[in-house]
Every structure is written in C-alpha cells, then in structure tokens.
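See below for the structure under consideration.
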Protein chains: 2
Amino acid sequence: MKELYEPLDEETLFIVSQTFKALSDPTRIRILHLLSSGEFSVTEIANRLSLLQSTVSHQLRFLKNLRLVKYRREGTTLYYSYDDEHVLHILEQTIRHARDH
Amino acid sequence: MKELYEPLDEETLFIVSQTFKALSDPTRIRILHLLSSGEFSVTEIANRLSLLQSTVSHQLRFLKNLRLVKYRREGTTLYYSYDDEHVLHILEQTIRHARDH
DNA sequence: AACTTATATGAACATATATTCATATATTGA
DNA sequence: TCAATATATGAATATATGTTCATATAAGTT
C-alpha cells in the first residue's frame, strides 16, 4: 500500500490511539465480540464470559465513553449492544485475519 | 453487522490484542503512518517525528517483534519499512475514519 | 587500531491500566 | 417502606508500558 504522507494532527492521533486502545484489551475484545452477535445484559455478559459483574461494568463504561457501545433499559436490566459499526468491522476483520494465523 | 458468535480461543485473542496494542500508542502510530509512505532510517524517523533515537529504536523493536516492520541494512544504516499490509491498511482506514471526525 | 556514525540495549522512573472488593444507586414488586 | 435484583462506582493494588539516560554494539573509514 502506498499512501501520501501527511503528518497526523493531535486530534486525529488521539482518536485513533483511543480507538485501538479500546481494542487492545482481551476483556474488551471478548465483550465486543460477544456483542457482535446481539444485545446482552451486564449479567449475561459476565456469565457468558466468566467475568465479575464489576469488571464487565467497568469495561462497558470505558466502551460507552468511546461510544463503541450503547444500551437500552428494561426495568432494572440494561441491554448493551454495539454502537460503532466501523470499529466492530475492524475487530471482526482482525479476528478472521488472526485465525488464519 | 450480524456475526455468528464463536468464543475466541486464547491464541486468537492474544494475537488480536497484541495487534491492536501495537496500534494504540501515538508514537507507534506516527512511525507506522510515516512508513506507509516509504522506507526510512532510524535517524530519519527520529528527526521527522522529533523523537529521541532511543525512543524510536525501542518502538521499532516492538513493531519488529510483531512483524509489523522489517529492515534492510546499508552500511551502518538500517532502513525500516512496513511488513504487514493488512495491519497498515487497518491503520490508514481508521485514520481516515477519525479525520471525518 | 582508532575514530566516527548509526543503531541497540538495559536500568530507572513515572504513569497508565485492569481487576478486585466493598459499597452505593436505581428500579421493581410486595 | 422494605426487600430483591441489576448495575455502577470508588479505592486499593498489582502490573504493564513508554520515555529517558547512559552505554554498548556494529559497520565503515582513515
């Protein structure tokens, strides 16, 4: 790939690094990958992935801040789903790439 | 995007997280982005990006370990270039995405 | 061999990060 | 209002990470 080089401005650099940081942690990867198949409550995510509820909640806040996930409320339950198709696409692409080792 | 959910095995998870970790640091992003436009020596990279030679060298080792960059020698000079088109493609894709805010 | 230039390396430090535990908040139903 | 359930939050801790400084290695030149 041959790209025209253009130095990265601070803001772009920040957004890009934050985006990839979100995808650099195994727990967040597993959560996002699960959410690629539908919406789940915090407890469901924790159970499916064998994580503490607190851990899931912390990481969901992280992902929410970056607008990578969203939720809808139903009673006391919050159903989370992904909210950034582009980022999810990159993740799934990279997972497939990694699987062909 | 609707994906079939398949729990991630340890190895895939490791590769994916490592890949994104490489792309999560501003310095490494700037280096890879520069390398998207050609090959550069360590000193050239340091000068262009206003970084210490040592910093660049450390980060290049990091990227080299993940086989994201390679180098060729010419005398005492090492010319680095990218070595993973897929990862570079993801980076450039995300940069463009971030630039349209 | 001595000198110069280019690059790599290791230790030290400061900072960032993920997880855990304990507890707080919020919603629903009795 | 009280109890039960679901989720969020803050503090503490352990670990990971990036940069810097000093120095080592390596290749080329005289």
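Chain naming here is simple, since letters A, B, ... match the order of the sequence lines and numbering starts at 1 in each. Note that the structure is predicted; figures quoted are calculated from it, not measured.
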Check: So, for B:Tyr80 and B:Ile45, which heavy atoms are closest and what is the spacing to 0.1 Å?
Finding: CB-CD1, 4.5 Å

Table of protein N/O atoms under 3.5 Å from nucleotides 10-17 of chain C N/O atoms:
{"residue": "C:dG10", "atom": "O6", "partner": "B:His58", "partner atom": "NE2", "Å": "2.8"}
{"residue": "C:dT17", "atom": "OP1", "partner": "A:Lys21", "partner atom": "NZ", "Å": "3.0"}

Next item on the list: Please state how far atom CG in B:Asn47 lies from atom P in C:dT7, giving the value in whole angstrom units.
Entry: 10 Å

Notebook entry, point to check: Roughly how far apart are B:Gln18 CD and B:Phe62 CZ, rounded to 0.5 Å?
Noted result: 6.0 Å

Checklist line | Non-neighbouring partners of B:Arg67 that pass salt bridge (Lys or Arg N to Asp or Glu O under 4.0 Å), sequence neighbours left out | finding: none

Check: Reckon A:Ser57 touches a base, only the sugar-phosphate, or nothing at all at heavy-atom distances under 4.0 Å?
Finding: base

Check: So, is the end of the B:Arg48 side chain (NZ or CZ) under 6.0 Å from the ring centre of B:Phe40 and within 45° of the ring's axis?
Finding: no

Next item on the list: Look at all strands and tell whether A:Thr77 reaches a base, only sugar-phosphate, or nothing, counting heavy atoms closer than 4.0 Å.
Entry: sugar-phosphate

Next item on the list: Using whole Å, report how far CD of B:Glu44 lies from P of C:dA6.
Entry: 10 Å

Check: Taking CG from A:Leu60 and P from C:dA18, how many angstroms apart are they, rounded to a whole number?
Finding: 13 Å

Check: Do B:Tyr79 and B:Leu63 sit in the same hydrophobic cluster, where Ile, Leu, Val, Met, Phe, Trp and Tyr count as joined when their side-chain heavy atoms come under 4.5 Å apart?
Finding: no

Next item on the list: Kindly give the heavy-atom pair with the smallest separation between A:Ala22 and A:Arg28, and that separation in Å.
Entry: O-NE, 3.0 Å

Margin query: Over the length of the helix from C:dA1-D:dT30 to C:dA30-D:dT1, how much do the five-pair end axes diverge, rounded to 10 degrees?
Written below: 10°

Check: Do any N or O atoms from the side chain of B:Ser24 and from the backbone of B:Lys21 form a donor-acceptor pair under 3.5 angstrom?
Finding: yes

Next item on the list: Give A:Tyr71 one of three labels, base, sugar-phosphate or nothing, depending on what nucleic acid heavy atoms sit under 4.0 Å from its own.
Entry: nothing

Item checked: Residues, nucleotides or ligands: over 12 heavy atoms within 6.0 Å of A:Tyr71 OH -> no

Margin query: Quiz question: by atom type and distance under 3.5 Å, do the side chains of B:Glu85 and B:His89 form a donor-acceptor pair?
Written below: no

Anything under 3.5 Å between a protein N or O and an N or O of nucleotides 27-30 of chain C, put it in a table, one pair a line.
none

Margin query: Which label fits B:His33 and A:Tyr5: parallel for a plane angle under 30°, tilted from 30 to 60°, or perpendicular past 60°?
Written below: tilted

Notebook entry, point to check: Nucleotide range of DNA chain D contacted by chain B, 5' to 3', under 4.0 Å to a heavy atom?
Noted result: D:dT17 to D:dG28

Item checked: Results of side chain to side chain donor-acceptor pair (under 3.5 Å) for A:Glu10 - residues two or more places apart only -> none

Note to self: How close do A:Leu88 and A:Leu32 get, counting heavy atoms only, and between which atoms?
What the structure shows: CD1-O, 3.7 Å

Margin query: To check you understand the geometry: which heavy-atom pair defines the closest contact between B:Ser81 and B:Glu39, and what is its length?
Written below: CB-CB, 3.9 Å

Note to self: Under 4.0 Å, heavy atoms only, any strand: does B:Tyr79 hit a base, just the sugar-phosphate, or nothing?
What the structure shows: nothing

